[in-house]
Amino acid sequence: MGDSPVRDPLDEPLLLTPGPLTTSRSVKEAMLRDWGARDGEFMAMNARVRSRLVELAGGAGTHEAILIQGSGTFANEGVIGTFVPRDGKLLILINGAYGRRIRQIAQMVGRAHSVLEWPEDTAVDPAAVAAALAADPEITHVSMVYCETTSGVLNPLAEVAAVVAAAGRRLLIDAMSAFGALPCDAQGIRYDALVSSFNKCLEGVPGVAFAICRREALEEAARHRSVHSHVLDLIDQWRYMERTGQWRFTAPTHVIAAFDRALSEHAAEGNVEGRGARYRRNCQVLVEGMRALGFGTLLADVVQAPIIVTFHTPSDPRWDFEAFYDSLRRRGYVIYPGKLTKADTFRIGCIGRISETDIRGALEAIRTTLTEMGVRLTLPAAPTHSA
Ligand SMILES: *Cc1c(COP(=O)(O)O)cnc(C)c1O
């Protein structure tokens, strides 16, 4: 039967989204008990998680991991407030919604800033960053999103980091949807702070984010004490946990226990290389399968990160995103609407505890759904090769 769903629809759905995303059963099971905040086992988990994050970042001996309650944006705001001095100036590189969110944070916390913007289907250009830094000596820090999850575009982190370092400025990285699956080795890429969260490529549950910080930059930030917020004060959070082994406020015990488990699964999969390889395979199967169905991708393959893929919606008048979404949801797959300001699109994620087989199942559900909706896709014109 062509339309039999590959997954049992009574199972929990697979989240093919940029977050929250699918976690393993064992990660969920790690939460089936309560810990006291001063429980020795729980305190050991905190220490283990923090040192493991530093290790994954390639920052052993030079960097610190600071955990912060909340979603990823909480850590981004903590970093802007903590690291950019009140008399500093932030250059924000924007090619999607997450870059725009950094600008909003800079406005709210009252830091001088300027922006460089690119279209949402285009990667950040390191040469333009170099020119902007040369033209404005007041800029002290640069903020860049590594993988812009809005579209899935991969920004050239190593190249931008080199330009920022050569100009003697500081780099703050939003690596939310990349850390743990894409390379960002602290020994090769100079930054003051890099932000990510538990429920992206590291496949923990949502609720805690973190910043990997260069210790010297942290100590400098501790001297200028610019932060605007008590709960987002990364220096206080760092020092308190160093001193006591505990959290400043009520500890997110279950989230930490699940993350401890998620990190051992990440190591078992072969760390950044192993996790990245699975996501690349997911992405490849997804893009090939969708193109075979007649869908076009927003991005050219060279700038596509293996994290989330944006597809153009079909032009057939029978296309209806809500109906498409509901049909896939009934079959056990949750996708995501587009977040672009211009093109009409939807997105399918490659990250989380999902395999190539899951992606093939989703493709089958998409094919069936299109047939049911009576939507016909006109294949994108084949590239013409002039002799
Ligand atoms: C997920 C994500 C964030 C954080 O968003 P929250 O909604 O706060 O979790 C920030 N930047 C990027 C690039 C992301 O993918």
Side-chain angles (χ1 to χ4, degrees), residues 15-23 66-81 90 92-106 108-109 115 117-118 120-124 142-157 160 171-182 184 191 193-212 229 231-232 234 252 255 258-259 262 275-276 279 283 298-299 303-310 334-341 345 347-352:
L15 306 177
L16 304 178
T17 62
L21 43 81
T22 306
T23 58
I66 305 174
L67 310 177
I68 192 93
Q69 293 97 329
S71 77
T73 306
F74 288 64
N76 269 337
E77 185 170 327
V79 158
I80 305 292
L90 182 63
I92 307 166
L93 313 184
I94 299 180
N95 59 342
Y98 292 102
R100 288 193 290 274
R101 198 183 281 180
I102 302 276
R103 175 173 58 195
Q104 198 175 352
I105 291 170
M108 292 293 296
V109 307
V115 304
E117 279 200 78
W118 291 264
E120 288 169 327
D121 60 356
T122 306
V124 159
V142 176
S143 160
M144 190 184 91
V145 179
Y146 187 4
C147 167
E148 222 332 328
T149 323
T150 310
S151 63
V153 67
L154 185 68
N155 284 321
L157 176 60
V160 170
L171 182 62
L172 308 173
I173 307 167
D174 174 348
M176 209 70 70
S177 61
F179 188 81
L182 300 181
C184 39
Y191 59 81
L194 172 151
V195 169
S196 185
S197 79
F198 282 14
N199 183 239
K200 294 254 165 132
C201 301
L202 293 172
E203 301 183 0
V205 302
V208 173
F210 58 88
I212 309 288
S229 156
V231 292
L232 299 178
L234 296 186
V255 178
F259 193 56
R275 178 81 27 115
Y279 290 174
C283 184
L298 174 79
L299 299 177
V303 293
Q304 175 68 62
I307 302 297
I308 188 163
V309 184
T310 303
V334 176
I335 64 164
Y336 221 59
K339 202 181 172 105
L340 299 190
T341 45
T345 57
R347 293 179 292 169
I348 301 183
C350 312
I351 63 177

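First listed ligand is number 1; within each ligand, the first listed atom is number 1. Below, all heavy atoms of this structure are taken into account, side chains as well, without hydrogens, waters or symmetry copies. The first residue of the sequence shown is numbered 1, and numbering continues consecutively from there.
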Query raised in the report: Does ligand 1 have an atom under 4.0 Å from some heavy atom of Gly96?
Result: no
**Report entry** Closest approach of any protein heavy atom to atom 3 (C) of ligand 1, naming residue and atom
**Finding:** Met176 CG, 3.4 Å
Query raised in the report: Nearest to atom 14 (C) of ligand 1, what protein heavy atom do you find, and at what distance?
Result: Lys200 NZ, 3.0 Å
Query raised in the report: Does the side chain of Met176 come within less than 4.5 Å of Thr149's, by heavy atoms?
Result: no
Query - Over-ring placement of Lys200 relative to Tyr98, 6.0 Å and 45° cut-offs - result: yes
Query raised in the report: Using heavy atoms and a threshold below 4.0 Å, how should the contact between Thr73 and ligand 1 be classified: side chain, backbone, both, or neither?
Result: both
Requested in this report: Apply side-chain contact (heavy atoms from CB on, under 4.5 Å) to the pair Ile348 and Ile335, showing each step before the final yes or no.
Outcome: CA-CA 5 Å; Ile348 301 183; Ile335 64 164; 3.9 Å; yes
Query raised in the report: When you measure from the side chain of Thr22 to the backbone N and O of Gly352, does any donor-acceptor pair fall under 3.5 Å?
Result: no
Query raised in the report: Would a distance-only check, ignoring hydrogens and angles, find a side-chain to backbone donor-acceptor pair under 3.5 Å from Thr23 to Gly204?
Result: no
Query raised in the report: Which of the numbered atoms in ligand 1 are below 4.0 angstrom from a heavy atom of Cys147?
Result: 13 (C)
Report summary line: Counting from 1 in the order shown, the ligand 1 atoms closer than 4.0 Å to a non-hydrogen atom of Ser177 are 15 (O)
Query raised in the report: Is Thr149 close to ligand 1, meaning an N/O of one under 3.5 Å from an N/O of the other?
Result: yes
Query raised in the report: Do ligand 1 and Asp174 have nitrogen or oxygen atoms that lie under 3.5 Å from each other?
Result: yes
Query raised in the report: What is the ring orientation for Phe210 with Phe259, classed by angle as parallel under 30°, tilted 30 to 60°, or perpendicular over 60°?
Result: tilted
Query raised in the report: Just by distance, do the side chain of Arg347 and the backbone of Pro337 share a donor-acceptor pair under 3.5 Å?
Result: yes
Requested in this report: Check the pair Leu157 / Leu182 against side-chain contact (heavy atoms from CB on, under 4.5 Å), numbers first and verdict last.
Outcome: CA-CA 10 Å; Leu157 176 60; Leu182 300 181; over 6 Å; no
Query raised in the report: Is ligand 1 under 4.0 Å from a heavy atom in the side chain of Ser197, in the backbone, in both, or in neither?
Result: neither
Query - Heavy atom of the protein closest to atom 7 (O) of ligand 1 (residue, atom name, distance) - result: Arg101 NH1, 3.5 Å
Requested in this report: Please indicate whether any nitrogen or oxygen in Gly72 is less than 3.5 Å from any nitrogen or oxygen in ligand 1.
Outcome: yes
Report task. Please could you name the atoms of ligand 1 that Val145 approaches to less than 4.0 Å, counting only its heavy atoms? Result -> 13 (C)
Report task. Determine, stepwise, if the pair Leu93 / Asn155 fulfils side-chain contact (heavy atoms from CB on, under 4.5 Å). Result -> CA-CA 10 Å; Leu93 313 184; Asn155 284 321; over 6 Å; no
Query raised in the report: Which atoms from ligand 1 have a heavy atom of Ser71 less than 4.0 Å away?
Result: 6 (P), 8 (O), 9 (O)
